[in-house]
Every structure is written in structure tokens, then in C-alpha cells.
Chemist: 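The structure that follows is given in the form of C-alpha cells.
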Amino acid sequence: MPPFRKALTRFSPWLTLVAVYMVLGLAGRAFLWARFGIGADVGTSRLPYVLAAGFINDLIESLYLFGPFALYILLVPDRWFRSTANRVILYGATAATITGLIYLTAAEYFFFEEFDARFNIVAYDYLAYPTEVFTDIWEAYPVLKVLGIAVTLAALAVFFLRRSIKPGFDHVVRFRERLVAFAPYAVVLAFAVAFYPTNALSLSSNRVENELVQNGQSSFFRAARTSDIDYESYYASARPADNLRLLETELAPDGAQFTQLALGKMSRRHPARPDGFGKLNVVVVSSESFGAEFSKLHGADKDWTPNFDSYAQRGLWFANAYASGTRTVRGLEAITASLPPIPTVSILRRPGNQGIGSWGKVMNDLGYQSSFLYGGYGYFDDMNTFFAGNGFQVLDRTDIEKVRFENVWGVADEDLFDRAIQHYGEQFQAGKPFFSIIMTTSNHKPFTFRPGLEQRGIPEEGGGRQAGVRYADYALGYFLREAARAPWFDNTIFVVVADHGARVYGKAEIPLETYEIPLLIYSPKHIAARQIDTLMTQIDIAPTVLGLLGLSYEAPFFGIDSLHERPDHARIALFSHNHDVAILRDNHLVVLGLGRTHQSLTYDPLAKTFKSRADDAALRDLGVAYFQTAADLFKTNRYN
């Protein structure tokens with residue numbers, strides 16, 4: 001046998017694993033296309049490209065994943081490699097590896113079902129909280145069943161592939177011969193590292209098609225590499241002074257005056273308003289995954305939020321409201337700090353997030369008692385650290401004694417609301433106004449609830465998202481009814497808003513339909529019922545509520561008082577999705593991506609579709625001004 005061919009046979013165990021990986025990738029991609037691609041307009045005509053490009057991506061990723069195995073084959077002595085002990089180890093390792101690959105293929109299906117994407121920054125972030133995440137996975141998904149199937153299929157695969165593995169042990173192969181066979185692999189791997197990014201073949205305007213083309217493991221590692229990156233090095237940028245000039249003009253319509261522009265800071269002085277309500281209490285309910293798609297008032301076929309819909313018609317209902325992102329930390333970041341969603345990680349997860357310009361700081365300076373209440377353990381997503389570091393008293397699961405029901409994410413929303421009412425009673429007795437943010441948890445997998453709610457469409461388990469939304473709405477109604485019996489109710493403004501929509505879906509890079517959220521401001525003694533149709537986002541909530549109070553304050557907020565701005569002002573909304581950020585105005589959207597890329601689109605809000613358009617330089621520059629300035633101010637500790 002020629003030396004080179006003999007050397008190649010030494011790598012037959014490696015080649016066998018690569019072949020298995022490629023078959024699983026092909027099968028998994030075809031199944032994802034059938035299950036999710038067709039519904040996202042990735043038609044049959046696109047399937048050949050999806051499979052071919054995906055095959056290339058899988059092949060490139062296999063070079064990375066199985067690189068250590070290739071090195072092992074290259075470096076270990078020939079005698080050891082052909083020994084019985086090593087054969088047992090390699091057959092066992094091959095079975096374990098195939099088990100893992102099959103399991104990951106199944107896991108990627110469930111992840112795609114939830115997030116309409118390959119493993120991404122959400123998957124990476126969740127690894128930091130194994131207790132909550134893995135317990136949730138255990139309760140919500142058929143873990144043991146999938147694992148059993150994976151083990152069985154892997155054992156069968158090793159049995160039938162044993163003849164493909166065996167040639168690796170048949171011949172004496174010297175190191176020099178192995179090195180000759182290894183060299184082409186090393187060259188290709190070096191080329192891939194230097195010149196082949198994860199999204200090299202993601203060329204479609206359809207986001208779901210691009211996700212199908214990509215490799216899940218490669219997407220995950222890309223998320224890990226770019227989870228905390230410098231904005232100006234990766235995204236479209238401009239001169240800081242030019243950005244500030246654009247923002248000075250853009251934020252002028254609400255009448256606040258910039259006070260530190262010469263220092264490159266965004267601080268603005270908001271004068272007192274004679275028509276303001278004064279120092280009313282303020283309670284913000286941030287409701288987990290409470291998307292507008294479930295509200296009949298918002299035009300949905302579903303009627304899962306009758307309590308929200310009822311209260312919205314008795315207060316200020318913002319019918320055109322959007323979330324900043326797709327995770328709880330993005331919602332809390334926007335509501336608390338009125339800060340654009342800088343890529344890629346929320347400031348709750350970044351160092352240097354304490355002592356920033358926040359709604360809590362403003363309220364504390366005005367003589368309020370500020371608090372943050374969470375039904376779970378607040379170390380999750382660094383919530384306790386963030387809120388405590390910004391002047392909030394934090395109450396989480398450790399402070400809730402009376403519990404009807406709880407699961408891995410925390411106590412039931414009813415229990416959280418009971419604790420909130422108790423807390424507000426204590427603050428009322430202290431004689432100072434209070435400001436509070438409540439973050440609920442119940443509308444989350446595994447969607448388990450206390451008994452006794454079945455007649456409301458909320459079974460103890462198995463009810464899925466419908467039960468979760470119905471329970472969140474039921475608990476909201478319970479809270480507002482119980483609060484109405486308290487002595488502090490008449491002097492309180494309630495804000496109810498979702499932290500984000502239920503899930504991201506759709507073929508657009510920024511699927512706006514899934515960012516639509518319910519938002520109401522309710523205070524029956526002070527605020528008449530009214531529908532607000534102008535564009536509203538989470539970063540505008542703090543300035544808008546402060547405008548209603550009419551109190552003078554200074555803050556670096558990027559949001560605007562939507563009720564007291566000039567009526568001719570065309571509003572903007574800012575979004576994040578994975579590594580992309582975007583700005584929307586008058587149904588024109590500009591998406592800013594890694595590699596300083598940008599894309600201009602026109603959005604049809606009725607059809608929920610996008611069309612490409614000529615480069616919108618003005619809107620692009622404004623988006624750059626928002627995101628770059630926000631990133632720079634936070635990074636340099638000047639957002640205060």
C-alpha cells in the first residue's frame with residue numbers, strides 16, 4: 001500500500017466521525033427547513049442552496065470540532081494507537097461523541113422552535129445560569145427520552161461503522177507519514193480560520209434562510225467570541241461630535257435642555273410642568289413575554305389578555321409600542337436606564353453598570369423610595385447587582401415567605417404581587433412616595449401553575465404558552481384589584497408593559513411583528529382614558545411618566561416624553577436582535593450589523609413584510625449616532 005494511502009487509513013476513525021457529523025447536519029437541516037423554513041417563505045426552490053451551503057458550513061465546522069481528535073491521531077505513538085486499550089477507548093469515545101451529536105441535533109430543533117434561530121447569544125448567555133436553565137429544560141423537554149434515543153442510535157452507528165473505523169489500527173504508520181496526511185487538513189483549517197466567517201454563505205434577505213444555512217455549533221462559538229465587543233471596531237461609526245449634533249436635534253422636540261454637551265455627555269434638564277400630577281407613587285409591572293400578539297385589543301385573534309385589555313381602555317393605552325429586544329435584560333435595561341440596546345450584551349450583564357443614569361437615581365434624587373421586586377432569585381442575569389448598584393432596594397425570592405406555588409423560575413405572580421402590596425404598604429407608612437419595578441416570571445416554560453385555575457384556561461401543567469399568558473393576565477388583574485383596596489392606590493400611577501414578546505419568528509433580520517408589546521399607564525383618579533397611536537418604545541417610558549408627574553429633573557436619557565413633544569416630530573424606535581441593531585422611522589428601517597454592514601428596508605405594518613430600498617443615509621447616520629454614542633458613554637463611565 002502506498003505510504004500516503006496507508007497514512008490516510010490511520011485517520012479513518014476521524015473520517016468516520018466527520019461523515020456522521022455531515023449526515024446529521026444534512027438530515028437536521030432538511031428537517032428544520034420542512035418544519036420552520038417553509039412557513040418563513042424559504043421555498044422548495046431555495047432548498048438545494050440551503051442544503052449545499054449548509055453542507056459546506058458543516059464541513060468547515062467539522063475541521064474545528066474534530067481538530068483535537070486529528071491531533072491525537074497525529075501525535076500519539078504508533079504502538080499505543082494500535083493497542084487494544086486505545087481501541088477500546090476510541091470505540092467508546094466514538095460512541096459518546098455520536099451520542100452527543102445526535103442529542104445536539106435534537107436540542108437544536110427545540111431551540112429553533114423557541115427562538116427561530118440556530119444556537120446564538122441567548123444560548124451562550126444561558127450557560128451562566130445552569131440551575132435555572134437546565135432545570136427548566138428538564139421540566140419542559142423530553143430529556144431522558146431524547147438521550148435514550150441518542151444512546152441507542154449511537155450504539156447502532158458504531159456497530160455498523162466498525163469496519164470503517166478498524167482500518168485505522170491495521171498498519172504501522174510512522175510519524176512522518178502521518179504528518180504528510182495531516183498537512184492538507186492543517187492548511188484547510190488555517191484557511192478557514194483566516195478567511196471563512198460563520199455567515200459567509202448567509203446571503204439571503206430572509207433571516208430564517210440564513211439561519212438554516214448556518215451551522216449551529218459555529219453560530220454558538222461566534223456568539224461566545226463576540227458577546228462583548230467594541231462598537232466602533234465592528235459597527236458603522238461616525239465622529240462623536242457629529243453624532244452628538246444629530247442627537248441634539250433629534251431630542252429637542254420634548255423641550256429638555258442639554259447641559260453637558262461640551263463634555264460629550266447626554267445629560268438634559270427637564271423643567272417642571274405646571275400641569276403635572278406631582279409626587280405620585282409609580283409602579284411599573286414588567287410582564288414576562290407578554291406580547292401584543294395575545295391581546296384582542298391589539299387586533300389578535302386570541303383573547304388571552306382580557307384584564308389588560310379592560311384596564312387599557314380605562315387609562316392611557318399605547319397602541320403602537322415596541323420592545324427594545326428579545327430578552328428580559330433588554331426590557332429592564334430600556335425601562336430602567338432609557339438606553340438604546342447597544343450590541344451585543346445588555347448592560348445588566350456588563351461590568352461598570354452601577355451608578356449610571358437611571359430612573360431609580362432620578363426618583364431617589366426627587367425624594368422617592370425606589371425598589372425592584374423579582375419572583376425568582378435575582379442573581380439570574382445579574383439583576384440584583386444591577387438594581388442594587390443603581391439605588392434600588394431589591395426584594396427577590398429570598399424575601400417572599402408566603403407562597404402558593406413556585407417552579408424553577410420563581411414564585412407565582414400572585415405571590416410576587418402580594419409581596420409587592422405588602423412592601424408598598426410599608427413604604428406608604430414611612431411617609432415618602434415610592435417608585436417600584438416588578439418583574440414577573442410565571443409566563444415561562446415549563447408553564448406550571450397552582451391548582452384551582454382550570455376553569456380560567458390555566459391547567460396545572462401542559463397548557464403551554466396559552467396557559468402562561470392567561471395566568472400572567474389573571475395575576476395582573478388580581479394585583480390591580482387588590483391594589484385598589486390600598487390607601488395609596490389613588491395617588492399611584494401604574495405602568496404595565498411587557499419585557500419582550502413571547503418569541504422571535506419571521507424571515508426578517510429584525511422581525512418587528514414580534515417586538516410589538518402591550519403598554520398602558522393607569523391611574524383612574526388622575527388620567528382619563530385615551531388611546532395613543534404614535535410610536536412608543538420602552539426607552540420612552542421613564543421620560544413619559546416623569547412628564548406626567550411634571551417634576552424637574554436632569555438625566556442622560558435617550559428616550560423622549562411622548563406625550564409632551566412637538567406633534568410634528570417623527571418618532572424613532574431602536575431594536576436589537578442577536579448581533580444586529582436597528583432604527584425605525586416612518587416605516588423605514590435601517591439594520592446595522594457586524595462588519596460595519598448596513599441595510600435599508602421599507603416595512604409594511606399591515607402585511608408585516610419588508611422590502612429592500614436605496615441606502616437611507618440620513619436614517620443610517622441617526623442610528624449610528626444613537627448606538628455609537630450609547631456604547632461610548634457606557635464604556636467610558638459617562639452615562640450618568
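By convention here, the first residue in the shown sequence is residue 1.
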Chemist: Output every pair passing ring pair (Phe, Tyr, Trp, His ring centres under 6.0 Å) with a member in residues 336-355, not counting sequence neighbours, ordered by first then second residue.
Modeler: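 Qualifying pairs, neighbours excluded: none.
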Chemist: Sequence neighbours excluded and cut-off under 3.5 Å, please list the side-chain donor-acceptor pairs for residues 289-297, or say none.
Modeler:
from: Ser295; atom 1: OG; to: Leu297; atom 2: N; distance (Å): 3.3
from: Ser295; atom 1: OG; to: His298; atom 2: N; distance (Å): 3.3
from: Ser295; atom 1: OG; to: Asp309; atom 2: OD1; distance (Å): 2.7

Chemist: For the residue pair Met439 and Tyr374, what are the closest heavy atoms and their distance?
Modeler: O-CD1, 3.5 Å
Chemist: Hey, can you tell me if Tyr424 and Trp488 have their rings parallel, tilted or perpendicular (30° and 60° cut-offs)?
Modeler: perpendicular
Chemist: Residues two or more places apart in sequence or in another chain: which of them pass ring pair (Phe, Tyr, Trp, His ring centres under 6.0 Å) with Phe405?
Modeler: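 By the ring pair (Phe, Tyr, Trp, His ring centres under 6.0 Å) rule, Phe405 matches no residue at all.
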Chemist: Any sub-3.5 Å donor-acceptor pair from Asn307's side-chain atoms to Gly477's backbone N or O?
Modeler: no
Chemist: Taking only residues two or more places apart in sequence, or in another chain, which ones meet Glu482 in a salt bridge (Lys or Arg N to Asp or Glu O under 4.0 Å)?
Modeler: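 Glu482 satisfies salt bridge (Lys or Arg N to Asp or Glu O under 4.0 Å) with Arg485 once adjacent residues are dropped.
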Chemist: For Ala555 and Val362, which heavy atoms make the closest approach, and how far apart are they?
Modeler: CB-CG2, 3.8 Å
Chemist: Ring centres under 6.0 Å, that's the criterion: do Phe479 and Phe417 meet it?
Modeler: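 Yes.
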Chemist: Can we call the ring centroids of Phe372 and Phe387 under 6.0 Å apart?
Modeler: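 Here the rings of Phe387 and Phe372 have centres that are less than 6.0 Å from each other.
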Chemist: Tell me, with the steps shown, if Leu551 and His270 meet side-chain contact (heavy atoms from CB on, under 4.5 Å).
Modeler: CA-CA 8 Å; Leu551 304 173; His270 298 256; over 6 Å; no
Chemist: For the side chain of Ser523 and the backbone of Thr492, is there at least one donor-acceptor N/O pair under 3.5 Å apart?
Modeler: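 Yes, Ser523 side chain to Thr492 backbone: donor-acceptor pair under 3.5 Å.
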Chemist: Would you say the ring centers of Phe627 and Tyr231 fall short of 6.0 Å from each other?
Modeler: no
Chemist: Do side-chain atoms of Asn243 reach the backbone of Thr629 as a donor and acceptor pair under 3.5 angstrom?
Modeler: no
Chemist: Listed by chain and number, what are the side chain to side chain contact (heavy atoms under 4.5 Å, CB included) partners of Gln422, not counting sequence neighbours?
Modeler: Arg419, Glu426
Chemist: In terms of side-chain geometry, is the basic nitrogen of Arg349 or Asp381 positioned less than 4.0 Å from the acidic oxygen of its partner?
Modeler: yes
Chemist: Under the side chain to side chain contact (heavy atoms under 4.5 Å, CB included) rule, collect the residues that match up with Arg530, sequence neighbours excluded.
Modeler: Leu316, Ile532, Leu563
Chemist: Return the set of residues passing salt bridge (Lys or Arg N to Asp or Glu O under 4.0 Å) with Lys279 (not counting sequence neighbours), or none when no residue passes.
Modeler: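 Expected list: none.
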Chemist: Could you label the plane-to-plane angle of the Phe449 and Tyr471 rings as parallel, tilted or perpendicular, counting under 30° as parallel and over 60° as perpendicular?
Modeler: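 Ring orientation of Phe449 relative to Tyr471: tilted.
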Chemist: Regarding Glu333 and Arg330, does a basic nitrogen lie under 4.0 Å from an acidic carboxylate oxygen?
Modeler: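 Yes, Glu333 and Arg330 are salt-bridged.
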Chemist: Is the shortest side-chain N to carboxylate O distance from Asp136 to Lys445 below 4.0 Å?
Modeler: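 So Asp136 does not pair with Lys445 through a salt bridge.
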Chemist: Determine the minimum heavy-atom distance between Ile356 and Ala337, stating which atoms define it.
Modeler: CD1-CB, 4.0 Å
Chemist: Applying side chain to side chain contact (heavy atoms under 4.5 Å, CB included), can you list everything that pairs with Arg269, at least two apart in sequence or on another chain?
Modeler: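 Checked Arg269 against side chain to side chain contact (heavy atoms under 4.5 Å, CB included); matches are Thr259, Ser552, Glu554.
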Chemist: Where do Asp415 and Glu406 land on the side-chain contact (heavy atoms from CB on, under 4.5 Å) test, with the steps shown first?
Modeler: CA-CA 9 Å; Asp415 301 322; Glu406 65 180 317; over 6 Å; no
Chemist: Taking only residues two or more places apart in sequence or in another chain, which ones pass salt bridge (Lys or Arg N to Asp or Glu O under 4.0 Å) with Lys432?
Modeler: none
Chemist: Using ring centroids (six-membered ring only for Trp), state whether Phe489 and Phe494 fall under 6.0 Å.
Modeler: yes
Chemist: Does any pair with a residue in residues 626-640 pass salt bridge (charged side-chain N to carboxylate O under 4.0 Å, His left out), and if so which ones, sequence neighbours excluded?
Modeler: Asp230-Lys635, Asp632-Arg638
Chemist: Can you name the residues that form a salt bridge (Lys or Arg N to Asp or Glu O under 4.0 Å) with Arg350, not counting sequence neighbours?
Modeler: Asp228
Chemist: Enter the distance from Asp413:CG to Arg404:CZ here, rounded to the nearest 0.5 Å.
Modeler: 10.5 Å
Chemist: Give a yes or no answer on whether the side chain of Asp499 reaches the backbone of Leu332 with a donor-acceptor pair at less than 3.5 Å.
Modeler: no
Chemist: List in chain and number order the residues that pass side chain to side chain contact (heavy atoms under 4.5 Å, CB included) with Pro567, two or more places apart in sequence or in another chain; answer none if no residue qualifies.
Modeler: none
Chemist: Is it true that Glu114 and Arg465 have a side-chain N and a carboxylate O under 4.0 angstrom from each other?
Modeler: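 Looking at Glu114 and Arg465, the cut-off is met.
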Chemist: State the CH2-CZ distance between Trp359 and Phe557, to the nearest 0.5 angstrom.
Modeler: 8.5 Å
Chemist: Under a 3.5 Å distance rule, please check whether Gln369 uses its side chain to pair with a backbone N or O of Gln427 as donor and acceptor.
Modeler: yes
